[in-house]
Amino acid sequence: MGRVKKSGLTDRQAEALRALPSVEELVEMPELAAAIGEYGRELVVDSARVVVERLRSGILAGKVGAAAQLTRLIADEAATVFLPSLKSLVNATGVVVHTNLGRSVLAPEAIEAVVQAAASYSNLEYNLVAGSRGSRHDHITRIITALTGAEDAIVVNNNAAAVLLALAVFGGGRDVIVSRGELIEIGGSFRIPDIMTSSTARLVEVGTTNKTKITDYEKAIGPDTAMLLHVHTSNYKVVGFTAEVEIAELAALGHECGLVVVDDLGSGALADLPALAGEPSVHDSLAAGVDVVTFSGDKLLGGPQAGIVVGKREFIAKMKAHPMARAMRVDKMTLAALQATLALYLKPEEALERIPTLRMLNEPIDSLQARAENLASGLREALGDVGEAAGVEGSAAPAASINVEKAASKVGGGALPLLELDSYVCSVLPSAISVDELAARLRETDPPVIGRIHKERLLLDARTILPEQAELIAKAIRQAFYPEES
Ligand SMILES: *Cc1c(COP(=O)(O)O)cnc(C)c1O
């Protein structure tokens, strides 16, 4: 307390600061004995420090409130640290590849493979035939080349890493040409110009935002040019008066001039789904003659977070040999999950059934409708509402009006930004609380349920709700409307 300068503080603030007990005093309080027993003394002392510091900052910022529940706050703080921070939740947003919600749910086969890899030693980098050191890359190369027809492959931590590695290996210290229409930002800090700078490649922009022609590339090629980069504009679309260069034309120009041609596909569709018709496929890019193609493992592929790089042997070999590849390498659990996911792709029917991302994208509309209706009746039942909707006779002042409506879901993950997939939602219109309040309460239920708000209603989209989650949602809704019961 002596460190706090009294000048500039109101009497109430000074009083509140003086009233704060010390960490030592707090930890000795009998109310914290149970927490110490459960979480250990060290964590409780640390939590007390955090809580006291938080209160002190609050007081200095002018928030002077009663701090009677201090020991309770400390016990809660300790519990927060102790429990897993990563919580399972219900994605009812209708966005299939939702980056903030963890993108892809793995297929059961992939989950099993992760558990296996985690639970025992393995031949991760060990050649069982020769009894000598092996390469972790070897576990995944064969299946990727079989699926894509590429000569070779390497897997790194994510697609951002794959692009960075390609730029460092082929464009480091030299010029890389990119169309101005493709200087994308993919959420947060992944921006093509910035990633270029980090790789030490020099960005040479050609064309304009809406039009880039092959002659723009031709004119920009000089003695320092090393690479042509094509970037799939996955999360936006330039429409109207536009022109872009066909990837095959770009590849031909690059080869004529002895340059490496790299295509960052973003999602990289491997499955042949009607919902993905507008997404460039890995096959097409390779068939167009591109040297190196990069794409994500956890977007439309539906696997674990990974960056998959496929292409010509000599180029992939250079990438494998670069020191940066070691810093970006994937762990055994990722390799296991990716291998198991890709194995499903070898039998396309199975992939559609077993890989949740693909199943969600491919679910027929009548099945979505049936699931939304089933969810709606579960919710009505949970709220004790016997009527079909609010105001219907027999339903005395229902907490919410629950209906099934047609709506549109999104692919997400920066893929097909304009595409809307027809879907069905269960809509919840609360009668006594605001929809924002309902959404907030549903973020705190166990598990949290994340929907989307539209015109005062909370929409729960059947497409992204896993079939076994309907019951959980009904319980959560009950909890949200009747918090006093729990
Ligand atoms: C998503 C995306 C990336 C980044 O991929 P991550 O796997 O998220 O690292 C890079 N380029 C494009 C075009 C993308 O769509």
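All ligand and atom numbering here is 1-based and tracks the order in the structure.
- A distance-only check finds a donor-acceptor pair linking the side chain of H139 to the backbone of L124 [under 3.5 Å].
- Checking Q479 against T445 by side-chain atom types alone, no donor-acceptor pair falls below 3.5 Å.
- Looking only at atom types and distance, the side chain of N210 has a donor-acceptor partner in the side chain of T208 under 3.5 Å away.
- For E437, the CD atom sits in a packed shell: over 12 heavy atoms of surrounding residues, nucleotides or ligands are nearer than 6.0 Å.
- For the residue pair T197/D194, the side-chain donor-acceptor check at 3.5 Å is not satisfied.
- Residue I184 has no nitrogen or oxygen atom sitting less than 3.5 Å from a nitrogen or oxygen atom of ligand 1, judged on distance alone.
- Remark: ligand 1 and H232 share no N or O pair separated by less than 3.5 Å (distance only, no angle test).
- Of the listed options L265, N158, L301, D264, D264 places a heavy atom closest to atom 11 (N) of ligand 1.
- In this structure, R103 has a heavy atom closer than 4.0 Å to ligand 1.
- Within the 4.0 Å heavy-atom shell around ligand 1 one does not find V163.
- Ligand-side atoms of ligand 1 in range of F190: 10 (C), 11 (N), range being under 4.0 angstrom from any heavy atom.
- The ligand atoms of ligand 1 that sit less than 4.0 angstrom from a heavy atom of K299 are 1 (C), 2 (C), 3 (C), 5 (O), 14 (C), 15 (O).
- With a 4.0 Å heavy-atom cut-off, ligand 1 is reached by no atom of Q305.
- Where the criterion is an N or O separation shorter than 3.5 Å, residue side chain and backbone included, D298 fails it with respect to ligand 1.
- Less than 4.0 angstrom separates some heavy atom of A160 from each of these atoms of ligand 1: 4 (C), 5 (O), 6 (P), 9 (O).
- Electrostatic pairing of K406 and D422 does not count as a salt bridge here, judged by no charged N lying under 4.0 Å from a carboxylate O.
- Of all atoms in ligand 1, listed by their number and element, those nearer than 4.0 Å to a heavy atom of S296 are 5 (O), 6 (P), 7 (O).
- Judged by the 6.0 Å and 45° rule, K318 forms no cation-pi pair with F170.
- Electrostatic pairing of D152 and K312 does not count as a salt bridge here, judged by no charged N lying under 4.0 Å from a carboxylate O.
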